[in-house]
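Single-structure report; data block below.
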Amino acid sequence: MKISYVTAHEILDSNGRPTIEVEVGLDDGTTALGQVPSGASTGSKEAIELRDHDDKRYFGKGVLKAVENVETHISQALEGQDANDQAAIDQILLDLDGTDNKSRLGANAMVGTSMAVCRAAALSTKNPLYQYLGEITGNQTFSMPAPMILLMEGGKHGNWATDIQEFCVFPLTGAFASFRETLRAGAEIFHTLGQILANKNYDVGVGFEGAYAPKQLSSNAEAFDIIMSAVEQSGYTMGRHFVFAIDIAASEFFHDGTYILASEDNKEMTPDAWERQVLDWANQYPIWSIEDPFDEQDWAHWSHFNQTLNNTKQVVGDDLVVTNVALIQQAIEQKAMNATLIKLNQIGTVTETLAAITLSQKAGFNSVISHRSGETNDNFIADLAVGTVANQCKFGGPDRGERLAKYNRLLRIENELR
Ligand code: PGA
Ligand code: ZN
């Protein structure tokens, strides 16, 4: 089906910052949106998010240039093209941009367009988006991803309540009969945790991704301890039902060769000492998945850490590889990780995102389909997780509408798949 128009708007994301929404119309009357998320703890090699830098609007964060790029260059290039050839559409966008980092059109303009075209094409074939994505990637049988359910957050997302950015629980295989039951348990633990924090007179407001971020925590370890209590009090057992999945986002507190723990009286650690600290936590607590344990430039410690753990745990690259096949290839060669975090807007097109997932799968890596800290109610990534048969997803805490948009879409898909 041919594309009849492409338009765009500046909208707001879940943090009240401008982002772009792209609308695509097809000749058969189908219309679809693609709303673009935005990160806070971004990797330095991510594709460029085009911002206006006009200080008179939104502190320079407006996206009117990206909107204009969609409505001029992109719409001219895509009108009349076949929406059902996603690879060709994305190649047109790449050629039109012509840069290595998508700085001309803006990765935000490109990914919003790419998502909207994909969704419109799926709609016009009357197939669910996950099925359409399955056709593109050659998957015919679908399964539900296991969710990393966020319970506490720190770092840039959570007012530096802890240095570790995300504390999630992840279900053990066979512990729950369905995605629905896993999410129920996660939500129960979330509410129990809120009650425990309230009883201690700790803050119960939530951070960017919908999880508790109490400033009163005295250490990273205290967050593990409190979550362990919440899990047990909810009637579940760590090590039997759940394990920890954490995102350290270590690049955010690595300065001049030193890891500095703001939540622990600015304790300074050399990379070697920091590596021992992370391994100590991993021995002390039932932590199974560890994302971004080191600074994104520190490939040597990544490789040493991953090879020390020797596949006994999951080591996830986010800022290290930014959904970029060249960097994922480097990580494969250097044995720097064994799982890939996948974010559409880090790379900027659906096709390149699918290539990142495929390469990871070929290397035997798990893929974790992820939201960003700045989100919208767009639920594309729920279908992406199912359609690519990525085995894991990371969509935040079980509150805040923009996180629930993804979880609730997964609940609907699970019903369809029964
Ligand atoms: P971001 O964080 O969206 O702020 O980059 C998410 C993550 O680090 O996984
Ligand atoms: Zn991360």
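For the numbers below, each heavy atom of this structure counts, side chains included, while hydrogens, waters and symmetry mates do not. The chain is numbered in sequence order, starting from 1. Keep in mind that what you see is a predicted model, and the values were worked out from it rather than measured. Every number for a ligand or one of its atoms is a count from 1 in the order of the listing.
- Near ligand 1, G39, A40, S41, H157, Q165, E166, E209, D247, E291, D318, L341, K343, R372, S373, K394 each place a heavy atom less than 4.0 angstrom from the ligand.
- Between E10 and R57 there is a salt bridge, with a side-chain nitrogen of the basic residue lying less than 4.0 Å from a carboxylate oxygen of the acidic one.
- Between K343 and D318 a salt bridge is recorded (basic side-chain N to carboxylate O distance below 4.0 Å).
- Salt bridge present: E181 and R184 bring a charged side-chain N and a carboxylate O closer than 4.0 Å.
- A salt bridge links K394 to E166: one of the charged nitrogens lies within less than 4.0 Å of a carboxylate oxygen.
- Closest approach of L197 and P214 over heavy atoms only: CD2-CG, 4.1 Å.
- At least one side-chain heavy atom of E209 sits under 4.5 Å from a side-chain heavy atom of H371.
- The minimum heavy-atom distance linking E222 with S219 is given by the pair N-OG, 3.1 Å.
- Centred on the Zn ion (ligand 2), the OD2 atom of D318 and the OE2 atom of E291 lie at an angle of 100°, reported to 10°.
- Its N, O or S atom nearest to the Zn ion (ligand 2) is what matters here, and for D247 that atom is OD2.
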